[in-house]
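What follows is a short report on a single structure.
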Amino acid sequence: MAELPAVRRLDLGWFVRPGTETADGAPRVEPALAYLVRHDGELLLFDTGIGTADPETDAHYRPYRRSLREALAAAGVTPAEVSVVVNCHLHFDHIGGNALFAGTPILVQAAEMALARGGEHTPEHLVDFPGATYEELSGEAEIRPGLWVVPTPGHTAGHQSLVVRRPDGTVILAGQTHASASDFAASRLAAVAVGEGARPPLPEPDGWPRRLLEFDPRRVLFAHDASVWEPTG
């Protein structure tokens, strides 16, 4: 296996988010990013790209898909070398390549799986493929020494992020906690402003960004934004 960086971004295509789903009402083209993590001799994969849902969904988002198998090959990796997959959540644009990992543990929050089993959350064929091996987590878990899965609900009730402790600084794969790195920065500053007694009105900060920041991240990376959050100090 070729030597890899600790966290390698995989570009798995893009889609067009319609204006009805954006803050400013204008359509926006967003990348679909996955992350290959090398940690203590293991390879983990965070998200697997855009799946084929149905004609209506494709017409709505107009996705352009890049092959996960080819993206892994460009990194010198085969699917068989990936020992664990972590899905931030089970929407079609994050689990498209899950079927490449029959028999490989795929970690999801139990709350997210309950949504998938309830119908209309995600296409069943992308979740239930031959050999699918899901491990459901109920809350925060240190899945390996130095690797934490942290619940970050909001986009979905079962959304989760992956914390990767590194000698050169902690990296957080935040998935779709926020639409962009700028939105994450604004959420962090909202918590700072509240903590320092700034006068209202102020945005109501979520509780979980505080937990992520307790890991003292050097970088926070996202599923649909190629920009990276880094601390200003």
Side-chain angles (χ1 to χ4, degrees), residues 10-17 21 30-37 42-72 77-141 143-144 147-162 173-177 179 222-224:
L10 303 179
D11 177 3
L12 299 181
W14 47 262
F15 62 94
V16 182
R17 188 176 298 281
E21 298 179 11
E30 299 183 7
L33 304 173
Y35 295 91
L36 190 62
V37 178
E42 276 192 292
L43 285 176
L44 296 87
L45 184 62
F46 187 80
D47 283 348
T48 64
I50 306 172
T52 301
D54 53 60
E56 293 76 19
T57 301
D58 269 15
H60 187 73
Y61 289 110
R62 293 173 282 161
Y64 175 80
R65 300 174 178 88
R66 291 195 173 100
S67 165
L68 174 58
R69 190 184 293 276
E70 292 176 6
L72 290 173
V77 171
T78 67
E81 292 175 277
V82 174
S83 58
V84 180
V85 174
V86 180
N87 290 137
C88 67
H89 65 292
L90 296 178
H91 281 164
F92 85 104
D93 53 323
H94 296 262
I95 63 172
N98 278 17
L100 291 178
F101 303 98
T104 300
I106 301 173
L107 307 186
V108 299
Q109 289 291 316
E112 187 69 14
M113 186 58 76
L115 288 172
R117 297 299 183 215
E120 298 186 2
H121 184 69
T122 203
E124 291 183 6
H125 69 273
L126 294 178
V127 177
D128 294 318
F129 54 89
T133 307
Y134 290 95
E135 294 187 5
E136 297 183 28
L137 305 175
S138 296
E140 184 173 322
I143 60 172
R144 300 286 191 278
L147 286 178
W148 282 265
V149 169
V150 178
T152 46
H155 178 66
T156 70
H159 191 283
Q160 60 185 7
S161 299
L162 182 66
L173 305 180
Q176 206 169 340
T177 61
F222 302 88
H224 296 314

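Throughout, residue positions are numbered sequentially from 1 according to the sequence presented.
With H89 contributing its side chain and H94 its backbone, the two residues share no donor-acceptor pair below 3.5 Å. Under a 3.5 Å cut-off, the side chain of D11 and the backbone N or O of G13 do form a donor-acceptor pair. Side chain of D47 to backbone of G175: no donor-acceptor contact under 3.5 angstrom is found. A donor-acceptor pair under 3.5 Å links the side-chain atoms of T122 to the main chain of L90, judged by distance alone. Judged purely by atom type and a 3.5 angstrom limit, Q160 uses its side chain to pair as donor or acceptor with the backbone of N87.
The two residues P130 and A102 have their closest heavy-atom pair at O-CB, 3.4 Å. Nearest heavy atoms, P153 versus P151: CD-C, 3.5 Å. Scanning both residues, S83 and P105, for their nearest heavy atoms gives O-CD, 3.5 Å. The shortest non-hydrogen separation linking F15 to P31 is CE2-O, 4.2 Å. Nearest heavy-atom pair, C88 versus F46, reported as atom, atom and distance to 0.1 Å: CB-CZ, 3.5 Å.
Summarising the geometry, atom CG belonging to L126 is positioned 5.0 Å from atom CD1 belonging to I95; distances are rounded to the nearest 0.5 Å. The CG atom of D58 sits 4.5 Å away from the CZ atom of R65 when rounded to the nearest 0.5 Å. To the nearest 0.5 Å, the span separating CG on N98 from CD1 on I106 amounts to 4.0 Å.
Residue-environment remark: CD (E70) stays at or below the threshold of 12 foreign heavy atoms within 6.0 Å. In this structure, E42 places its CD atom where more than 12 heavy-atom neighbours from other residues, nucleotides or ligands lie under 6.0 Å away.
T152 and S161 are linked by a side-chain donor-acceptor pair at a separation below 3.5 angstrom, with hydrogens and angles left out of the test. Side-chain contact of E21 with Y61: a donor-acceptor pair under 3.5 Å is present, judged by distance alone.
For the pairing with V82, the side-chain contact (heavy atoms from CB on, under 4.5 Å) check across T48, L100, L45 returns one residue only, L45. Only one option out of V84, L68, T133 pairs with F101 in a side-chain contact (heavy atoms from CB on, under 4.5 Å); it is L68.
By the 4.5 Å heavy-atom criterion applied to side chains, Q109 and V149 are counted as neighbours. Residues I143 and E135 form no side-chain contact, since every pair of their non-hydrogen atoms from C-beta on lies 4.5 Å or further apart. In this structure the side chain of V37 reaches within 4.5 angstrom of the side chain of L173, judged on heavy atoms. A heavy-atom distance below 4.5 Å is found between the side chains of I50 and F92. Within the 4.5 Å cutoff, side-chain heavy atoms of L10 are placed close to those of L72. In this structure, the side chains of F222 and T177 come closer than 4.5 Å at one or more pairs of heavy atoms. Residues V108 and E136 meet the side-chain proximity criterion, which asks for heavy atoms closer than 4.5 Å.
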* Any chance you could lay out the side-chain hydrogen bond (donor to acceptor under 3.5 Å, both in side chains) test for Y134 and E112, step after step, and finish with the verdict? => CA-CA 11 Å; Y134 290 95; E112 187 69 14; over 6 Å; no

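Residue pairs meeting the ring pair (Phe, Tyr, Trp, His ring centres under 6.0 Å) criterion with at least one member in residues 107-128, sequence neighbours excluded: H91-H121.
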